[in-house]
Asker: 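Pasting a structure below so you can have a look.
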Amino acid sequence: MPRANEQAAALLGELARLTILDEASPNAFRVRAYQDAERAVKGLTGDVAQMSATELTKVKGIGKSTASKIRQFVDEGRIDKLDTLRERYPASQVALLRLEGMGPKSVRALEDELGVVDLDGLEAAIEDGSITDVDGMGPKTVENLRDAILRAGDLAASGEDRRTPIADAHAVAQRLRAALAELDEVERVEVAGSLRRYRETIGDVDLLVAAAEDDAPTIMQAFRDQPVVADVIASGDTKTSIRTHDGLQVDLRVVEPDRFGAALVYFTGSKAHNIQLRQRALARDLTLNEYGLAPSETVGDGVPKAEDRVAGETEQGVYEALGMQWVTPELREDVGEVEMAADGTLPVRVSPDDLTGDLHHHTDASGDGRQALEDVAAWAVERGRQWLAITDHAEDLAINGLSRDEMLAQRERLRELETERGDLRLLHGVELNISADGDLDYDAEFRLGFDVCTASVHSAFRRSADEQTARLVRAIADPAVTVLGHLTGRKLGKRSGIDLDVDALVDALLEHGVALELNGALPRLDAPTEIARVALERGVLFAVSTDAHHPDDLPNEAHGCAWARRAGIPPERIVTTWPYEQVVEWVADQRS
Ligand code: DGT
Ligand code: CA
Ligand code: CA
Ligand code: ZN
């Protein structure tokens with residue numbers, strides 16, 4: 001996508017979010033206009049920077065007033081309306097929308113009735129009871145809100161303690177990374193810190209650039225000028241910190257290319273991993289820091305001279321000089337990875353090239369899907385997939401689900417398409433809904449008519465762990481179920497997902513040969529790592545899934561693989577890396 005399109009789409013998305021608050025409704029006409037325009041700009045092949053207002057208006061999804069806003073962005077790098085909204089609704093107030101059960105109407109009412117515009121104010125109003133003066137805030141709602149604040153924890157906090165869901169931080173980081181990569185002065189740019197390690201929440205984004213020292217001021221200038229930047233917190237030649245309009249801090253560091261690897265190790269962390277590496281270095285009379293690895297006696301004031309360095313240009317070189325395998329960033333959490341790397345026993349690293357298929361993929365037949373079956377298939381082949389299961393939503397999911405007749409029609413179309421193409425094995429699947437009692441959609445016989453079934457929780461998130469476990473176990477025992485989809489149903493930063501008994505879950509998965517999904521959608525990243533590790537240890541199989549609904553979701557395959565690596569799961573345990581025949585055999589075994 002051209003750079004200007006990406007930036008314009010991001011600003012339109014922000015306009016839509018702030019307008020939801022301004023209009024106190026997610027369905028207001030203006031909100032939809034911005035959302036449509038955002039989607040339209042993302043789908044454009046031409047560069048918006050080269051298009052007149054008239055040409056923009058001709059694009060489906062872009063109205064006249066939005067076109068003039070895009071033009072203003074291209075000409076001035078800003079949009080009046082957005083500046084006004086940013087001024088009117090501070091990030092701390094927008095953050096209240098992240099609390100489960102808190103909609104734009106409530107946020108506005110809190111401000112109008114009580115002057116509450118941030119989390120501290122909200123907590124105080126709950127504490128002193130004044131919140132019950134606000135329309136719609138009955139005792140039950142307030143109780144739920146109290147829970148939501150507890151669960152949101154540091155996601156809802158302000159200032160230093162605030163953390164951002166990985167999906168939001170990733171979007172910002174990718175935009176900034178692409179902008180920096182375009183500069184002639186930049187040799188290389190990488191995301192570091194907790195985002196590179198795929199933590200679920202991010203304190204701040206860390207970016208690292210390799211460039212000549214003389215070019216640092218130009219690069220820092222270009223960074224400060226990015227449209228997402230609200231404030232410059234501090235700026236020097238080696239480090240600049242900014243805050244985005246959404247309140248996310250981003251640190252950029254510029255280092256000389258010959259020590260980029262040492263800096264990347266250092267700023268990727270985790271701190272606990274770094275400490276272990278440093279101890280390993282010291283045991284070899286070496287000193288490791290962000291400037292490189294060198295014999296301790298040569299490292300006087302902390303910066304080793306280039307001629308003394310034994311490693312520093314690449315990460316691989318640093319690990320090798322420490323007598324270790326290179327450690328995949330997702331594992332650098334002090335979970336035994338240093339010992340394994342030293343023994344040469346790290347798990348084999350799965351990557352999108354290893355994927356042969358997908359067991360959770362939607363089409364536009366699902367109410368919330370946006371990609372036609374034909375396009376999904378073409379994309380899968382382009383990416384080198386051998387097989388693909390189409391799993392649209394089942395009938396019990398309001399609006400989004402498909403009736404029996406619709407499913408049968410899709411099956412027919414899918415079989416035809418498989419024959420027409422001849423280069424992709426298509427499985428007709430479904431995403432079943434696990435009801436509060438563990439019931440599934442349709443009936444047992446109809447379910448067995450699908451080639452594969454992914455079953456997931458989409459409702460009743462707040463029950464006891466016992467109830468939730470019983471519910472999952474019943475669904476897993478259904479002979480048609482192939483994969484347990486997004487285990488906890490969590491939405492990072494929005495919803496904490498169900499509680500469950502991990503041992504009982506794993507028992508059921510093993511007994512019925514059902515695989516556990518590793519859902520690559522960044523807002524989900526489900527199953528949680530701690531549960532996946534237990535399942536791995538006990539022999540469970542996994543499925544890396546995109547859960548794609550939209551062409552924008554295609555990077556989910558990379559996220560899903562990273563999520564598998566974070567739990568240390570090797571390719572052979574992931575059924576979506578298996579050849580088609582092996583998958584079919586496994587499903588037949590499950591059902592027999
Ligand atoms: P975050 O931002 O809280 O989500 O987590 P990180 O891991 O990104 O932490 P951050 O941004 O404070 O620092 C980035 C990396 O820099 C961190 O993972 C390891 C390294 N680092 C920072 N401070 C120290 C330190 O005092 N000692 C060591 N060994 N490493 C540090
Ligand atoms: Ca960080
Ligand atoms: Ca940082
Ligand atoms: Zn799904």
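Excluded from the calculations below are hydrogen atoms, water molecules and symmetry mates; all remaining heavy atoms, backbone and side chain alike, are included. Read the numbers this way: they start at 1 and go in the same order the structure lists the ligands and their atoms.
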Asker: Would you say R566 and E333 make side-chain contact, with heavy atoms under 4.5 Å?
Answerer: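 Yes, side chains in contact.
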Asker: Counting C-beta onward and ignoring hydrogens, is there a side-chain heavy-atom pair between V481 and H512 closer than 4.5 Å?
Answerer: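 Of all side-chain heavy-atom pairs linking H512 with V481, none is under 4.5 Å.
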Asker: I'd like to know: is the Zn ion (ligand 4) within the 2.8 Å range of an N/O/S atom from H360, strictly under that distance?
Answerer: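 Yes - counting backbone and side chain alike, H360 has an N, O or S atom under 2.8 Å.
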Asker: Looking from the Ca ion (ligand 3), what is the angle between OD1 on D206 and OD2 on D251, to the nearest 10°?
Answerer: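 Between OD1 of D206 and OD2 of D251, the angle at the Ca ion (ligand 3) is about 90°.
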Asker: Name of the E431 N, O or S atom nearest the Zn ion (ligand 4)?
Answerer: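 Of all N, O or S atoms belonging to E431, OE1 is the one nearest the Zn ion (ligand 4).
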Asker: Would you say F260 has more than 12 foreign heavy atoms packed within less than 6.0 Å of its CZ?
Answerer: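 Atom CZ in F260 is crowded, with more than 12 foreign heavy atoms closer than 6.0 Å.
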Asker: Which value, rounded to 10°, describes the OD1(D547)-the Zn ion (ligand 4)-NE2(H362) angle?
Answerer: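 Vertex the Zn ion (ligand 4), arms to OD1 of D547 and NE2 of H362: 90°.
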Asker: Are L252 and L176 packed together at the side-chain level, in the sense that at least one heavy-atom pair is separated by less than 4.5 angstrom?
Answerer: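 L252 vs L176: side chains apart.
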